[in-house]
Asks: 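Okay, here's the structure, questions in a sec.
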Amino acid sequence: GFDGKAEKCAIYQMKKIGQDWEMGDPLDFCKADTAHSYGHPALSPDGSKMYFASDRNGGFGGFDIWVVSYSKRSKSWGEPVNLGPMINTAGNEYFPYLNEHNNQLYWSSDGLPGLGGLDLFTAIPTDEVTFWKEIENLREPLNSGGDDFGITLLNTNSEEGFFTSNRGDRKNNDDIYHFSIK
């Protein structure tokens, strides 16, 4: 699980060999820190950065959103950097996603003001990794009193996509929802 009670999670790199994928090793910063969990990896559109959630040391609370850059020269991921207190809170931040259409970061938080549970948020990055513009709760109907998370927009249409929610389900089952902004 990703709740800190079970085995810790790590981010692995896969290798493509012909038509097949071969399981690689955990990324170096995950290997070096087996006491914390790493998950929800999301690559930037150009593949140079990876955003992820972790409860590693140096954060602001439970799970935070971090970013790490890829070095083509060394063919490796560098040292993770926390996105800072404008994105991260004393609560939990999960499921980062950098959208290629508008270059905005999307993520879920239960520590920022919202409608309850995890809410979906968006922000515009700047040249400074810890400074963000126009941090916005995506409001209803995308957010609800339940947990709303894992948003992704279509590559072909920035006004349409999917997200996950347990809204209206007494057993807290997660369902995938489709949305289209009119």
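Counting from 1, the numbers follow the sequence of the chain as shown. The structure displayed is predicted, hence computed values, not measured ones. Any value given below was found using the heavy atoms of this structure, including those in side chains, with hydrogens, waters and symmetry copies removed.
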Asks: Will you find, in the side chains of Glu136 and Thr122, an N or O donor that is under 3.5 Å from an N or O acceptor?
Replies: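 Judged by distance alone, the side chains do not pair up.
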
Asks: Please check this pair: side chain of Arg167 against backbone of Asp174, looking for a donor-acceptor N/O pair closer than 3.5 Å.
Replies: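 Checking the backbone N and O of Asp174 against the side chain of Arg167, no donor-acceptor pair under 3.5 Å is found.
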
Asks: Would you check if the side chain of Asn166 reaches a backbone N or O of Asp147 as a donor-acceptor pair within less than 3.5 Å?
Replies: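 A pair under 3.5 Å: yes.
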
Asks: Do Thr126 side-chain atoms and Phe131 backbone N/O form a donor-acceptor pair below 3.5 Å?
Replies: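 Answer holds: yes.
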
Asks: Parallel, tilted or perpendicular: which fits the ring planes of Phe163 and Phe179, with parallel below 30° and perpendicular above 60°?
Replies: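 Tilted: the ring planes of Phe163 and Phe179 meet at 30° to 60°.
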
Asks: I'd like to know if the side chain of Glu159 pairs up with that of His101 as donor and acceptor (distance under 3.5 Å, no hydrogens or angles considered).
Replies: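 No.
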
Asks: Donor-acceptor check, side chain of Asp110 to backbone of Asn92, threshold 3.5 angstrom: yes or no?
Replies: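 Pair found, side chain donor or acceptor close to backbone of Asn92.
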
Asks: With no hydrogens and no angle check, just 3.5 Å: does a side-chain donor-acceptor pair link Glu140 and Ser144?
Replies: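 Per modelled atom types, Glu140 and Ser144 side chains form no pair under 3.5 Å.
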
Asks: Under 4.5 Å between side-chain heavy atoms, hopping through other hydrophobics if needed: is there a path connecting Leu120 to Ile181?
Replies: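 Yes, Leu120 connects to Ile181 through the hydrophobic network.
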
Asks: Do the ring planes of Tyr94 and His40 sit parallel (below 30°), tilted (30 to 60°) or perpendicular (above 60°)?
Replies: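 Perpendicular: the ring planes of Tyr94 and His40 meet at over 60°.
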
Asks: Between Tyr38 and Phe29, is the ring centroid distance below 6.0 Å?
Replies: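 When the ring centroids of Tyr38 and Phe29 are compared, they turn out to be within the sub-6.0 Å range.
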
Asks: Are any non-hydrogen side-chain atoms of Phe52 and Ile11 less than 4.5 angstrom apart?
Replies: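 The answer is yes, as the side chains (C-beta and beyond) meet within the 4.5 Å cut-off.
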
Asks: Would you find a donor on one side and an acceptor on the other, under 3.5 Å apart, between the side chain of Asp55 and the backbone of His36?
Replies: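 No: the side chain of Asp55 does not pair with the backbone of His36.
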
Asks: Ring centroid separation for Phe121 and Trp107, is it under 6.0 angstrom?
Replies: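 Yes, they do, as the ring centres are separated by less than 6.0 Å.
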
Asks: Please determine whether a side-chain nitrogen of the Lys or Arg among Glu128 and Lys133 lies less than 4.0 Å from a carboxylate oxygen of the Asp or Glu.
Replies: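 Salt bridge: no.
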
